[in-house]
Amino acid sequence: GQSGSGAAMPNTLTVTLEPNLRLAVDTRITLQGLVNTATLDTNALPIAGCPDAFKSPDSGALNLGKWNSAAGTLEMLVATEMSGGAAVVCSFHVTNPREEQAAPSVFVTVSTQGTTLINRLLMRNALADRAPLLVSNNKFVTASIRQSAPYPSMRGNVISVTLAFNVALATAGAVESAITIRGLTGSLTDSTSTLALTGEDFVTASGTAVG
């Protein structure tokens, strides 16, 4: 799965591996099909979430893998023997493709000393936006709104809004990211450009707000 689908955004890919046979130390595991990322080639891509399970094929350093951007491959050597039927969950960071794309097919191959133990096997992708390297247009991942009091003419009704995006929103210099919520009509709160907001300290109100 993945942590985010925004174009050119940092993304954490999570992989679950559960072989049905014992994998000895120095067995090579290769993931294929992770194409079009903006992550540069490296023989020291950090592998997280599974301490000392894998090591770099080049240096032998623990918790590292070999990344080939053009081929879309990640190679790792087993550093601690893996038992058959035992699941190992690992993650690594990449930068998403710059353009929208469907989730690619990802394969895994397992080999040792030139002998293939598991032939190129199609991995099962997570669903919807969690599918690895699925990149979509800018959008809300979450957009919900609720109130604290449903009673007529009652003061102190708190409107709570939850928003999450698949891209970063920033304010830099004269460039501002503006969010407009419409349809909050019928209240007894007068129009104002200084409606108080609480919650995340990077949110400020501007323009006309109707409570």
Side-chain angles (χ1 to χ4, degrees), residues 1-17 28-50 53-59 61 63-77 88-110 120-144 161-182 199-204 206:
Q2 67 177 358
S3 62
S5 62
M9 294 295 297
N11 191 5
T12 301
L13 302 184
T14 300
V15 178
T16 301
L17 299 171
R28 184 181 298 266
I29 297 176
T30 304
L31 305 181
Q32 302 167 294
L34 299 169
V35 293
N36 300 327
T37 74
T39 301
L40 299 177
D41 292 353
T42 177
N43 62 1
L45 187 73
I47 307 297
C50 50
F54 300 109
K55 60 184 178 180
S56 168
D58 289 352
S59 66
N63 305 313
L64 299 176
K66 182 178 181 179
W67 175 258
N68 184 306
S69 181
T73 59
L74 175 64
E75 296 179 74
M76 309 173 289
L77 296 184
V88 176
V89 181
C90 296
S91 62
F92 53 95
H93 302 293
V94 298
T95 300
N96 274 346
R98 295 181 176 87
E99 303 293 337
E100 185 178 11
Q101 70 172 30
S105 297
V106 181
F107 300 86
V108 59
T109 302
V110 180
R120 191 169 180 261
L121 178 69
L122 178 65
M123 302 185 73
R124 185 173 66 248
N125 282 350
L127 299 177
D129 284 354
R130 295 304 178 189
L133 297 184
L134 179 147
V135 177
S136 56
N137 291 326
N138 300 348
K139 66 179 183 179
F140 288 102
V141 178
T142 301
S144 64
V161 178
T162 301
L163 301 174
F165 314 90
N166 70 336
V167 294
L169 299 185
T171 297
V175 179
E176 294 184 343
S177 297
I179 299 171
T180 302
I181 300 174
R182 303 182 187 277
E200 300 289 351
D201 58 8
F202 56 79
V203 177
T204 58
S206 63

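As the structure is a computational prediction, the values presented were derived from the model and not from experiment.
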For this session: Kindly indicate, with the supporting measurements, whether the criterion side chain to side chain contact (heavy atoms under 4.5 Å, CB included) is fulfilled by L122 and S105.
Result: CA-CA 7 Å; L122 178 65; S105 297; 3.8 Å; yes
Exercise. When you check the side-chain N and O atoms of T109 and T30, is any donor under 3.5 Å from an acceptor?
Worked result: no
Problem set entry | Pair D129-L134, side chain to side chain contact (heavy atoms under 4.5 Å, CB included): steps then yes or no | CA-CA 6 Å; D129 284 354; L134 179 147; 3.8 Å; yes
Exercise. Is a side-chain donor or acceptor of R130 paired with a backbone partner of S3 at a separation under 3.5 angstrom?
Worked result: yes
Problem set entry | Close side-chain approach of P97 and L133, heavy atoms under 4.5 Å | yes
Exercise. Hey, does the side chain of T95 reach the backbone of A38 with a donor-acceptor pair shorter than 3.5 angstrom?
Worked result: no
For this session: Mind running side chain to side chain contact (heavy atoms under 4.5 Å, CB included) on V161 and I181 for me, showing each step along the way?
Result: CA-CA 10 Å; V161 178; I181 300 174; 3.9 Å; yes
Exercise. With a 4.5 Å limit on heavy-atom distance, are the side chains of I47 and L64 in contact?
Worked result: no
Problem set entry | Pairwise side-chain contact, T39 with S69, heavy-atom cut-off 4.5 Å (strictly under) | no
Exercise. Counting only N and O atoms by type, is there a donor-acceptor contact under 3.5 Å from the side chain of Q2 to the main-chain atoms of L13?
Worked result: no
Problem set entry | Side chain proximity check, T142 to L163, heavy atoms < 4.5 angstrom | no
Exercise. N96 and G6: which non-hydrogen atoms are nearest, and at how many Å?
Worked result: ND2-O, 2.9 Å
For this session: Would you indicate whether the side-chain heavy atoms of F54 and L17 approach each other to under 4.5 Å?
Result: yes
Exercise. To the nearest 0.5 Å, how far apart are CG in N68 and CD in Q32?
Worked result: 11.0 Å
Exercise. Can you name the nearest heavy-atom pair linking V135 to E99, along with the distance?
Worked result: CG1-O, 3.5 Å
For this session: Return the minimal non-hydrogen interatomic distance between S91 and T14, and the atom names on each side.
Result: CB-OG1, 3.8 Å
Exercise. To the nearest 0.5 Å, what is the distance between CZ (R28) and CD (E75)?
Worked result: 5.0 Å
For this session: Please name the pair of heavy atoms, one in N125 and one in P132, separated by the smallest distance, quoted to 0.1 Å.
Result: OD1-CG, 3.4 Å
For this session: State, with a plain yes or no, whether a side-chain heavy atom of L40 is found less than 4.5 Å away from one of W67.
Result: no
Exercise. Quick one: CG on L74 to CG on L34, what's the gap to the nearest 0.5 Å?
Worked result: 7.5 Å
Exercise. Got a donor-acceptor contact below 3.5 angstrom from the N11 side chain to the V94 backbone?
Worked result: no
Seminar exercise, completed: Taking every heavy atom of A131 against every heavy atom of A103, the minimum-distance pair comes out as CB-CB, 3.6 Å
Exercise. Do the side chains of F92 and V15 get nearer than 4.5 Å, heavy atoms only?
Worked result: yes
Exercise. Under 4.5 Å between any side-chain heavy atoms of K66 and L45, yes or no?
Worked result: no
Seminar exercise, completed: Minimal heavy-atom distance between A70 and D41, with the atoms involved, is N-OD1, 4.2 Å
